[in-house]
Student: 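Take a look at this one; I'll ask things after.
Every value quoted in this text rests on a predicted model; they were computed, and no experiment measured them. For the single chain, residues carry numbers from 1 onward in sequence order.
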Amino acid sequence: MRFNFLGTCSISELTPNGDNKELFGNIVRTDGFSVDFLFYKRQQSGHGASFQKFDLTLDDFSLDEVDNTYLPITLDPGRKSVFTAAIGLEYNRQVRRCTTSEYYHMAGSTKYCKKLNSIKAVTGIDLVESQIPSSKTSRLGVYEAFTSYMLNNLDALFSFYGHETAKDRFTLYQGRQRAPETMANMLTHGTAKYNRKREARQGRGKNSRRRRRKERMLTNSRQSSEYQ
């Protein structure tokens, strides 16, 4: 039996023998859509034999060397932005940032929340959730009211957040995995947001697709009127 989909060739590589780099945790989980295999990875103690330590300071680099060889990036996190970076030197500096709204859009959270809220409004689950008492209290009576309300509406909540939402949760997980790579590409290479030529090409592509779509709609409407 092959185990290439797990990154290994045979089950013997996952059997404890003292030299394993990875061990199977004997746990397989599923939510009805995706499947998780739990593995344990050996931690490296200390640095490897190829590790070399270099004590470098700013005096070890000249301005011409930095300008011709490196791309200086000054990075700063923020509350409204995931990061704000100053790219390049003073004479060719460019400021790039990724806002939290952009991050949620890249991860797919914005689209999913809009879809989820519309479904909640149709099913009435938004009314159930809006009336949940607070559980953050030290008063026994308030916490008993929270517990009683949750037990009375538990079936409705479990029914709404059932296995049908597994696909959406997996899609959100994929979006969260892609978002850091997209932000790293935005930071190091820029995107259409910071490249006017690329933005113009994308704009022309959108306009041409919109024009073709409009032409198809007009053609279909003429054909339907002729048949009538």
Side-chain angles (χ1 to χ4, degrees), residues 1-48 77 79 81-83 98-138 142-187:
M1 183 176 180
R2 306 292 291 180
F3 293 85
N4 293 334
F5 69 101
L6 298 177
T8 184
C9 297
S10 63
I11 191 64
S12 61
E13 295 185 13
L14 303 177
T15 305
N17 56 17
D19 297 327
N20 304 87
K21 295 183 179 180
E22 295 179 354
L23 285 178
F24 180 45
N26 295 325
I27 297 178
V28 180
R29 300 175 297 193
T30 180
D31 57 2
F33 182 79
S34 60
V35 180
D36 294 335
F37 293 84
L38 182 62
F39 288 86
Y40 298 104
K41 189 174 183 179
R42 175 177 293 179
Q43 294 183 353
Q44 181 178 349
S45 58
H47 301 292
R79 290 186 299 175
S81 298
V82 182
F83 68 81
C98 178
T99 63
T100 54
S101 300
E102 288 177 311
Y103 169 78
Y104 290 133
H105 178 73
M106 289 186 290
S109 302
T110 305
K111 183 178 180 180
Y112 172 71
C113 287
K114 184 178 180 180
K115 173 185 174 182
L116 187 64
N117 289 333
S118 63
I119 298 176
K120 285 182 178 181
V122 173
T123 57
I125 202 69
D126 57 341
L127 183 61
V128 175
E129 291 182 338
S130 64
Q131 295 179 352
I132 296 178
S134 176
S135 61
K136 299 179 181 179
T137 179
S138 59
V142 177
Y143 195 78
E144 286 180 347
F146 164 76
T147 305
S148 176
Y149 185 87
M150 292 299 296
L151 290 176
N152 292 333
N153 295 277
L154 201 60
D155 292 338
L157 293 172
F158 279 169
S159 177
F160 182 79
Y161 295 102
H163 65 276
E164 293 85 0
T165 61
K167 182 178 179 180
D168 293 327
R169 291 198 301 270
F170 185 73
T171 304
L172 283 176
Y173 169 78
Q174 290 179 317
R176 291 194 301 269
Q177 296 294 312
R178 287 192 302 266
E181 299 179 1
T182 306
M183 288 191 298
N185 183 66
M186 180 190 301
L187 175 63

Student: Can you measure from CG (Leu151) to CZ (Phe146) and round to the nearest 0.5 angstrom?
Tutor: 9.0 Å

Student: Does the side chain of Tyr173 reach to within under 4.5 Å of the side chain of Arg169, using non-hydrogen atoms?
Tutor: no

Student: Short question: side chain of Tyr112, backbone of Ala107 - any donor-acceptor pair under 3.5 Å?
Tutor: no

Student: Give a yes or no on this: more than 12 heavy atoms of other residues, nucleotides or ligands lie within 6.0 Å of atom OH of Tyr104.
Tutor: no

Student: Could you measure the distance from the SG atom of Cys98 to the CE atom of Met186? Nearest 0.5 Å is fine.
Tutor: 4.5 Å

Student: Verify, without hydrogens or angle tests, whether Thr99 (side chain) and Glu102 (backbone) share a donor-acceptor contact under 3.5 angstrom.
Tutor: yes

Student: Measuring from atom OG1 of Thr147 to atom CG of Asn152, what distance do you get when rounded to the nearest 0.5 angstrom?
Tutor: 10.5 Å

Student: Going through the distances and angles, do Val35 and Val28 end up as a side-chain contact (heavy atoms from CB on, under 4.5 Å)?
Tutor: CA-CA 7 Å; Val35 180; Val28 180; 3.6 Å; yes

Student: Checking side chain to side chain contact (heavy atoms under 4.5 Å, CB included) between Tyr143 and each of Ser148, Pro133, Ser135, which is the one that passes?
Tutor: Ser135

Student: Return the minimal non-hydrogen interatomic distance between Lys120 and Asp126, and the atom names on each side.
Tutor: O-OD1, 3.2 Å

Student: Atom CG of Leu116 and atom OG of Ser109: how far apart are they, to the nearest 0.5 Å?
Tutor: 11.5 Å

Student: Can you confirm whether more than 12 heavy atoms, excluding those of Phe83, are under 6.0 Å from its CZ atom?
Tutor: yes

Student: To the closest 0.5 Å, what do you measure between CG (Asn153) and CD (Glu129)?
Tutor: 10.0 Å

Student: Does Ser159 reach the main-chain N or O of Asp155 with its side chain, forming a donor-acceptor pair under 3.5 Å?
Tutor: no

Student: Return each pair, listed once, that meets salt bridge (Lys or Arg N to Asp or Glu O under 4.0 Å) where at least one residue sits in residues 172-181; pairs must be two or more places apart or across chains.
Tutor: none

Student: Take Asp168 and Lys115 through the side-chain contact (heavy atoms from CB on, under 4.5 Å) test and state the conclusion after the steps.
Tutor: CA-CA 10 Å; Asp168 293 327; Lys115 173 185 174 182; 3.4 Å; yes

Student: Can you name the closest pair of heavy atoms from Thr165 and Phe160 and give their distance?
Tutor: CG2-O, 3.7 Å

Student: Might you point out which heavy atoms bring His105 and Thr110 nearest each other, and give the distance in Å?
Tutor: N-OG1, 3.7 Å

Student: Roughly how far, to the nearest 0.5 Å, is CG of Leu187 from OG1 of Thr182?
Tutor: 12.5 Å

